*Asks:* 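One structure is given below, represented as C-alpha cells, and several questions about it will come after.
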Amino acid sequence: VLLLIIVVIVGALSHEPIIAGVGALAFVVAIVSRVWAALSLEEITISRTTSEDHAFQGDEITITFVVENKKPLPVPWLEINEYVPRGLLIEGQSAVEQMYLGGAEMSASTSLGSYERVTIRRKLTAHARGKYRLGKTRLRSGDLFGLYPSDATLDHTDWAIYVYPQI
C-alpha cells in the first residue's frame, strides 16, 4: 500500500496521469480487498451433525456441515478444514497414508452469497474400534483477489464417534 502511494505521488509530480491513475486504482483495490478480507469471516456460522454417533467397523458415517453467511457481503471463497483422527477414514483418501500420518484433515471449499446457506456432506468409514473426538473447525477466507487471506478457528462442542468391534 505504501508503494502504491509512492507511485501515485511520482505520477502526479511527473505530470503522468496514466501512472497516477493506475496507482490510485491499485491503491483503492488494495484498501477494498483488505476491508473485505477483514469482514469475510464475520457472521459466518457453521453447524455440523453426523448421521450416527456410534457405528461398527466398516460402517459409513456422513458428516453434514451447514454453513451460513448472515451478512450482505458475499464470501468469494471459504475453506473448511477439520481434523479427523486415525481410525476414521475420509472417503477418497488412502487408508495407508491416513494411518501413517496419524489422521488427516477433512477439507471442503465453497463460496457464499449474501445471506446464503450451503450444506456440505462428507463421508467417513469407521476403520478401527475406539472413541474418536472431533473438535475444532478451521476456516480460511479472504477477499475476491486472494490478496489478504484471513483465518479463524471455531470452537464447537467436542463430540465423539464411538466405533464398536465387529461381532
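These numbers come from a predicted model, not from an experiment. Residue numbers count from 1 along this sequence.
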*Asks:* Dump the intermediate steps for side-chain contact (heavy atoms from CB on, under 4.5 Å) on W36 and L144, then the final yes or no.
*Replies:* CA-CA 8 Å; W36 196 331; L144 185 61; 4.2 Å; yes
*Asks:* If you take all heavy atoms of L39 and K71, which pair is closest and at what distance?
*Replies:*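 That closest heavy-atom pairing would be O-CE, 3.0 Å.
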*Asks:* Side chains of L139 and D151: does their closest heavy-atom pair fall under 4.5 Å?
*Replies:*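 Heavy-atom side-chain distance check fails, nothing below 4.5 Å.
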*Asks:* Take I63 and L124, measure what side-chain contact (heavy atoms from CB on, under 4.5 Å) needs, and give me the verdict at the end.
*Replies:* CA-CA 8 Å; I63 295 183; L124 302 175; 3.3 Å; yes
*Asks:* If you take all heavy atoms of F56 and Q166, which pair is closest and at what distance?
*Replies:* CB-OE1, 3.9 Å
*Asks:* Please find the pair of heavy atoms, one from E60 and one from T125, that lie closest to each other, and give the distance.
*Replies:*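 Where E60 meets T125 most closely, the heavy atoms are CG-OG1, 4.1 Å.
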*Asks:* How close do A160 and K131 get, heavy atom to heavy atom, and via which atoms?
*Replies:*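 Scanning both residues, the minimum pair turns out to be CB-CE, 3.9 Å.
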*Asks:* Linking I/L/V/M/F/W/Y whenever their side-chain heavy atoms sit closer than 4.5 Å, directly or via other members, would Y162 and I167 fall into one cluster?
*Replies:*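 Yes; tracing contacts between hydrophobic side chains, which count when under 4.5 Å, links both residues.
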*Asks:* Report yes or no: does S51 contribute a side-chain atom to a donor-acceptor pair with the main-chain N or O of T62 at less than 3.5 Å?
*Replies:* yes
*Asks:* Checking S141 side chain against W77 main chain: does a donor-acceptor pair fall under 3.5 Å?
*Replies:* yes
*Asks:* Heavy-atom distance under 4.5 Å between the side chains of E82 and I80, does that happen here?
*Replies:*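 The answer is no; the side chains never approach within 4.5 Å.
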*Asks:* Considering only heavy atoms from C-beta outward, does the side chain of H54 approach that of Y164 to under 4.5 Å?
*Replies:* yes
*Asks:* Can you name the nearest heavy-atom pair linking V29 to F145, along with the distance?
*Replies:* CG1-CE1, 3.6 Å
*Asks:* Side-chain polar contacts of residues 109-117 - donor-acceptor pairs under 3.5 angstrom, sequence neighbours left out - could you list them?
*Replies:*
from, atom 1, to, atom 2, distance (Å)
S114, OG, P72, O, 2.5
E116, OE1, G113, N, 2.5
R117, NH2, E68, OE1, 3.2
R117, NH2, E68, OE2, 3.3

*Asks:* Drop me the distance from H127's NE2 to R86's CZ, to the nearest 0.5 angstrom.
*Replies:*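 The distance works out to 10.5 Å.
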*Asks:* Please report the shortest heavy-atom distance between M106 and R122, naming the atom on each side.
*Replies:*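 Answer, listing the atom of M106 first, then R122: SD-CB, 3.4 Å.
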*Asks:* Check the pair I161, L88 against side-chain contact (heavy atoms from CB on, under 4.5 Å), reporting the backbone distance first and the verdict last.
*Replies:* CA-CA 9 Å; I161 296 174; L88 297 175; 4.2 Å; yes
*Asks:* Treat each ILVMFWY residue as a node, draw an edge where side-chain heavy atoms are under 4.5 Å apart, and state whether L25 and V32 are in one component.
*Replies:* no
*Asks:* If you define the side chain from C-beta out and look only at heavy atoms, does anything of R140 sit under 4.5 Å from P149?
*Replies:*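 Sidechains of P149 and R140: in contact.
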*Asks:* Nearest 0.5 angstrom please: I61 CD1 to E91 CD, how far?
*Replies:*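 Those atoms lie 12.5 Å apart.
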*Asks:* Cation over ring, R48 on F65, under 6.0 Å and within 45°?
*Replies:*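 So R48 doesn't make the cation-pi contact.
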*Asks:* Under the side-chain contact (heavy atoms from CB on, under 4.5 Å) criterion, do V67 and I44 qualify, and how do the steps go?
*Replies:* CA-CA 7 Å; V67 185; I44 297 288; 4.2 Å; yes
*Asks:* Under a 3.5 Å distance rule, please check whether S40 uses its side chain to pair with a backbone N or O of V75 as donor and acceptor.
*Replies:* no
*Asks:* Taking only residues two or more places apart in sequence, or in another chain, which ones meet R138 in a salt bridge (Lys or Arg N to Asp or Glu O under 4.0 Å)?
*Replies:*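 Result, salt bridge (Lys or Arg N to Asp or Glu O under 4.0 Å) vs R138: E105.
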